[in-house]
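What follows is a single structure, written as structure tokens, with notes after it.
In the text below, chain A, chain B and the rest are named by the order of the sequence lines, each starting its count at 1.
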Amino acid sequence: MRGEQYLTKPQHFARVYGKGGSWASRYLVLRAFSKGLSLSRFGFSISRKVGNAVVRNRLKRWLREIMRAAPLKAGYDIVFIVRPAAAPLGYWDIRKGAMELLSRSRLLRAGRQPEAVVNVEADGEG
RNA sequence: CAAGUAGACCGGGUGACCGCUCCUUCGCAGGAGGGAGAGGAAAGUCCGAACUCCACCGGGCAGGAUGCUGGGUAACACCCAGGAGGGGUGACCCUACGGAAAGUGCAACAGAAACAUACCGUCCCGACUGUUGUCGGGAUAAGGGUGAAAUGGCGAGGUAAGAGCUCACCGCGGUCCCGGUGACGGGACCGGCAGGGCAAACCCCAUCCGGAGCAAGACCAAAUAGAGGGACAUAAGGACGCCCGGCCUGUCCCCGGGUUGGUCGCAUGAUUCUUCCAGUAAUGGAAGAACAAGAUAGAUGGUCACCGUCCCGACUUUGUCGGGAUACAGAAUUCGGCUUACAGGUCUGCUUGGCUC
RNA sequence: UGGGGAUUCGUCUAGCGGUAGGACAGCAGACUCUGGAUCUGCAUGGCCAGGUUCGAAUCCUGGAUCCCCAG
């Protein structure tokens with residue numbers, strides 16, 4: 001994931017929050033907005049209430065890894081907001097929650113079912 | 001063996017695949033190969049510095065910091081060694097540890113009194129009374145009681161009763177001598193107790209301190225609109241505040257407009273390791289070797305396999321199998337410290353107690 | 001990066017070395033046929049750890065949490 005794939009400016013986040021859709025679970029909130037370009041951009045919003053610097057940085061790395069591996073449709077600005085309840089979870093719980101939100105928002109590419117997402121072992125061995 | 005005490009250290013390991021950041025080699029380019037990639041606290045931001053800017057220099061006030069002595073250091077509120085006081089059977093530990101015979105203040109309640117004071121008492125004399133006291137005058141600080149604290153302690157002499165009133169020992173103060181760089185220690189003589197606590201109350205004394213901070217600051221590129229308004233030439237400003245002297249300068253405030261890109265600063269440094277020398281030590285010196293993260297919303301992540309440590313359960317023990325756990329915590333200009341957090345573990349010195357030889 | 005402030009009962013607050021007070025809320029009683037209102041009484045507290053002092057919410061040191069300001 002390269003630098004141009006990050007959402008950096010506050011205006012970018014404001015546009016996603018203002019115009020995009022919203023899907024939420026107990027641990028994560030997904031905001032997404034189609035801007036019609038070929039490149040997708042990602043942002044991760046993790047409050048200081050979630051935990052200390054180690055916890056927040058780890059969650060951000062996990063989400064970045066999940067986004068790298070996920071079969072996403074192109075051309076979206078996607079923002080993940082982490083809720084404080086997600087702090088004690090492990091990588092696979094976060095991945096399961098994130099993929100569930102992505103499938104609910106229909107951001108995954110056609111031909112892949114949510115069951116395929118849960119079946120992560122096949123992905124790792126390939 | 002158990003308990004304790006002081007110090008030093010580790011902070012899971014190996015391999016494979018997919019990713020991230022930087023450096024480097026090759027290539028016109030897409031890209032390919034190679035190398036490096038979090039800590040003992042990176043943390044809190046509590047001190048001290050380096051570095052950079054604020055044209056500049058000096059003096060005073062205010063303010064702040066430190067506070068036994070000697071040493072180390074670029075510097076420090078840090079470190080080492082020592083002294084004194086306190087705690088512990090001991091190894092050892094703790095200490096904001098200058099000044100209360102400069103001044104101002106504070107001490108609730110209790111108590112007679114918390115600065116000069118006699119409540120209960122003790123003793124002497126006189127009067128009245130009549131054998132027990134009352135009243136008046138005086139002496140006294142030994143005893144009681146209050147309190148956190150009561151005007152040196154204890155013993156003997158002494159006395160009407162007492163009292164450093166006198167004496168011995170201890171404490172305190174002073175002078176001299178000796179040892180030590182010094183804090184201080186030891187000894188002799190003298191004084192004869194002269195009120196005590198609090199300075200993390202104000203304060204006094206000694207020493208030190210200009211301010212801001214890498215978003216410091218320098219450069220490149222791009223973009224835009226300064227004939228804007230106000231204050232002041234006996235002025236204003238000169239980077240916390242006030243005053244003074246020199247020196248410098250068209251200076252300050254308000255309103256409006258542009259940029260939110262890149263490069264440097266920025267990784268060779270009070271650096272790290274080894275050996276030797278000086279020093280009780282902190283530390284310093286010399287020689288040799290090494291180069292060891294550098295992001296910019298912020299790189300160190302994911303998966304798999306095997307092993308290590310600890311805990312739990314099952315099986316008949318050595319052991320095997322299954323499950324779980326593996327801390328605190330993430331570099332952001334850089335160093336020296338301090339403080340705080342930390343699963344589990346290793347090593348060394350010493351002390352006390354028990355057992356055995 | 002630099003600076004400032006706060007923490008006292010369940011909640012909001014006062015007290016600047018000497019028994020921690022008030023309001024609302026809570027509980028009990030009185031009043032009432034019952035409830036409300038009113039009256040009386042009760043219980044409940046110093047963010048944490050050390051230190052100075054005879055004595056600390058107050059003074060000092062270290063830490064924790066929260067809030068605010070400037071660039």
Partner nucleotide of rG157(B) by Watson-Crick or wobble geometry (both distances under 3.5 Å): rC165(B)
d(CG, N57(A); C1', rG302(B)) in whole Å: 15 Å
Inter-nucleotide P distance (rU65(C), rA28(C)), Å rounded: 40 Å
Nucleotide opposite rU260(B) in a Watson-Crick or G-U pair, distances under 3.5 Å: none
Separation between the P atoms of rG302(B) and rA286(B), rounded to whole Å: 48 Å
K60(A) side-chain N/O to rA297(B) phosphate OP1/OP2 under 4.0 Å: no
Minimum heavy-atom distance A32(A)-L107(A), with the two atoms named: CB-CD1, 3.8 Å
SB check R104(A) E100(A) (cutoff 4.0 Å): yes
Separation of the P atoms in rU280(B) and rA3(B), to the nearest angstrom: 40 Å
Expected output: side-chain R26(A) to main-chain R83(A) donor-acceptor under 3.5 Å: no
rG330(B) versus rG294(B) - spacing of their C1' atoms, nearest Å: 14 Å
Same-atom distance (C1') from rG103(B) to rA55(B), integer angstrom: 47 Å
Sequence-distant partners of R61(A), side chain to side chain contact (heavy atoms under 4.5 Å, CB included), two or more places apart: N57(A)
Non-hydrogen atoms of M67(A) and F80(A) that approach each other most closely: CE-CE1, 3.4 Å
N-glycosidic conformation, rG319(B) - syn within 90 degrees of 0, else anti: anti
Pairwise C1' distance, rG324(B) and rU318(B) [rounded to whole Å]: 25 Å
Gap between atoms CZ and C1', on R61(A) and rA329(B) respectively (whole Å): 12 Å
Anti versus syn assignment for rA6(C), with syn defined as within 90° of 0: anti
Assigned glycosidic conformation for rU53(C) [threshold 90° from 0]: syn
Base-pairing assignment for rU65(C) (Watson-Crick or G-U wobble, both under 3.5 Å): rA6(C)
Base partner of rG29(C), which must satisfy Watson-Crick or wobble distances under 3.5 Å: rC39(C)
Who pairs with rG226(B) - Watson-Crick or G-U, where each distance is under 3.5 Å: rC255(B)
Assigned partner base of rG19(B), Watson-Crick or wobble definition, under 3.5 Å: none
Inter-nucleotide P distance (rC165(B), rG195(B)), Å rounded: 14 Å
d(CZ, R56(A); C1', rA329(B)) in whole Å: 12 Å
Pairing nucleotide - rG40(B), Watson-Crick or G-U, each distance under 3.5 Å: none
P atoms of rG143(B) and rU151(B), separation to the nearest Å: 9 Å
Separation of rU303(B) P from R68(A) CZ (nearest whole Å): 12 Å
Shortest non-hydrogen separation from W62(A) to L89(A) and the atoms involved: CZ3-O, 3.7 Å
Exercise: identify the closest heavy-atom pair between V29(A) and S22(A): CG1-OG, 4.3 Å
Watson-Crick/G-U partner (both atom distances under 3.5 Å) of rA233(B): none
Atom-to-atom span, CD1 of I46(A) to C1' of rG298(B) - whole angstrom: 13 Å
Syn or anti conformation of rG155(B), syn meaning chi within 90° of 0: anti
Closest listed nucleotide, where the reference is the side chain of W92(A) and the choices are rG19(B), rU303(B), rA299(B): rU303(B)
Whole-Å gap separating C1' (rG302(B)) and OH (Y91(A)): 5 Å
Nucleotide rG330(B), atom P - distance to CH2 of W62(A) in whole Å: 16 Å
Rounded distance in Å - CG (N52(A)) to P (rA42(B)): 17 Å
rA297(B) phosphate, OP1 or OP2, under 4.0 Å from R64(A) side-chain N/O: no
